[in-house]
Amino acid sequence: MEDSIKLSLLIPTVPLGMSLFIFILLRAFNRTINRLTKPISYLSLFSIIISISISSILLVNGVEGNISLSNYFSIFESNNLAIHLDTMIEKILILVGFLSFLLITYSVNKLPRNKGFVFYIVTIGFLTSALLSVILLVKIPYI
């Protein structure tokens, strides 16, 4: 069970890692990356699909519990941050991931892919990762 909870660390990390990778490519190869809007969008979609899949696997397997971040990251030793995982949080993670998936899909199909489009996709990836992190770190009180 503890190993399954460790898998939840990947939920916000995968979109963050992909967004950082795309951002570094954008800064290094600006003109080329701005021309590759569809492949970049599909890479971002793929990272969000991985996060949704991990959340779905945790939900189906009924994984619940808490995991302290200070055990894995030394920068969090002074803080008392912990990931809280239960069915409600897993459903919210799936919903947020699905909404960002729909936003990127709509953007690829309907918005003009001009110069700032790749930066827009990277921003959506960063915001999705941040939102997933906040959802995992906040313990939701039930009524």
Side-chain angles (χ1 to χ4, degrees), residues 1-76 79-142:
M1 186 67 92
E2 182 73 23
D3 292 333
S4 299
I5 294 175
K6 290 178 188 175
L7 191 62
S8 68
L9 291 171
L10 291 176
I11 295 171
T13 308
V14 172
L16 177 67
M18 187 60 70
S19 296
L20 279 173
F21 175 68
I22 295 169
F23 183 72
I24 290 169
L25 287 178
L26 180 65
R27 299 311 296 167
F29 309 105
N30 191 5
R31 183 175 290 164
T32 304
I33 296 300
N34 276 323
R35 291 180 185 160
L36 299 172
T37 56
K38 278 195 177 182
I40 295 297
S41 301
Y42 293 144
L43 278 175
S44 185
L45 284 174
F46 182 68
S47 69
I48 292 173
I49 288 172
I50 290 173
S51 292
I52 293 171
S53 300
I54 293 171
S55 300
S56 300
I57 289 169
L58 294 176
L59 179 65
V60 168
N61 291 335
V63 175
E64 294 184 358
N66 298 327
I67 186 170
S68 177
L69 290 179
S70 61
N71 296 341
Y72 302 101
F73 304 106
S74 61
I75 58 173
F76 294 120
N79 299 335
N80 193 14
L81 289 176
I83 289 178
H84 308 284
L85 205 60
D86 61 4
T87 34
M88 179 61 78
I89 290 176
E90 291 164 354
K91 289 177 184 176
I92 293 171
L93 290 171
I94 293 169
L95 178 68
V96 167
F98 185 69
L99 289 176
S100 68
F101 175 82
L102 288 177
L103 179 63
I104 293 175
T105 304
Y106 177 79
S107 299
V108 169
N109 292 328
K110 298 295 181 183
L111 292 180
R113 292 187 297 271
N114 294 334
K115 186 175 182 178
F117 186 79
V118 173
F119 186 73
Y120 167 73
I121 296 296
V122 168
T123 304
I124 292 174
F126 279 131
L127 291 176
T128 300
S129 177
L131 191 57
L132 293 174
S133 297
V134 167
I135 292 169
L136 281 172
L137 292 174
V138 174
K139 187 166 183 160
I140 300 173
Y142 296 107

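More than 12 heavy atoms of other residues, nucleotides or ligands lie within 6.0 Å of CZ in F117, so this atom counts as buried by the packing criterion.
Between the CG atom of L26 and the CG atom of L36 there is a distance of 11.0 Å, given to the nearest 0.5 Å. Atom CD1 in I49 sits 7.0 Å away from atom OG in S53 (nearest 0.5 Å). Atom CD1 of I40 and atom CD1 of I104 lie 11.5 Å apart (nearest 0.5 Å). Expressed to the nearest 0.5 Å, how far CD1 of I48 lies from OG1 of T105 amounts to 8.5 Å. Here the CG-CE distance, from L45 to M18, works out to 10.5 Å after rounding to the nearest 0.5 Å. Of the inter-residue distances, the one linking S47 atom OG with Y42 atom OH reads 14.5 Å to the nearest 0.5 angstrom.
Checked by atom type and distance alone, the side chain of S8 pairs as donor or acceptor with a backbone atom of I5 at under 3.5 Å. Side-chain atoms of S44 do not come within 3.5 Å of backbone N or O of S41 as any donor-acceptor pair. Remark: side-chain polar atoms of S129 are not paired, donor with acceptor, to backbone N or O of G125 under 3.5 angstrom.
Minimum heavy-atom separation, D86 to E64: CA-CG, 3.7 Å. Nearest heavy atoms, P12 versus S133: CB-OG, 3.2 Å. For the residue pair L10 and S51, the shortest heavy atom distance occurs at O-OG, 4.3 Å. Here the closest non-hydrogen pair linking K91 and L59 is CG-CD2, 4.1 Å. Minimum heavy-atom separation, I11 to L93: CD1-CD1, 3.9 Å. Closest approach of E90 and V63 over heavy atoms only: OE2-O, 2.7 Å.
Exactly one of I92, L131, L85 qualifies for a side chain to side chain contact (heavy atoms under 4.5 Å, CB included) with L136. That residue is L85.
Ring geometry, F119 versus F23: the interplanar angle falls from 30° to 60°, so the pair is classed tilted.
Annotation: side chain of H84 is in contact with side chain of I89 (closest heavy-atom distance under 4.5 Å). Using a 4.5 Å heavy-atom threshold, the side chains of L111 and Y120 count as touching.
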